[in-house]
Amino acid sequence: MILFHLSGRGLLGLLATTLLVLGVLALLWALAGPAWSLGLGLILVLLVRGVLALFSPGESE
């Protein structure tokens, strides 16, 4: 099942956002250390998964 259609502009926006987040995490890694960077990265992954689960259609049995 396809939940959404991704255009070329949307794909470029997603790529730019991903590169921005990775850049911020790399900067945090260099300035504060790997523990803070890994912790923030894990929190971001869990936050994105939660938002996707919130807005995805539920499975009706």
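It should be emphasised that the depicted structure is a prediction, and the values quoted were computed from it without experimental measurement.
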Rounded to the nearest 0.5 Å, what separation is found between the [atom1] atom of [X] and the [atom2] atom of [Y]?
{"X": "Leu15", "Y": "Leu20", "atom1": "CG", "atom2": "CG", "answer": "11.5 Å"}
{"X": "Leu28", "Y": "Leu38", "atom1": "CG", "atom2": "CG", "answer": "9.5 Å"}
{"X": "Leu19", "Y": "Leu14", "atom1": "CG", "atom2": "CG", "answer": "9.5 Å"}

field: Check: Leu31 and Trp36 side chains under 4.5 Å, non-hydrogen atoms
entry: no
Test side-chain contact (heavy atoms from CB on, under 4.5 Å) applied to Leu25 - qualifying residues, sequence neighbours left out: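 Val21, Ser37, Leu40.
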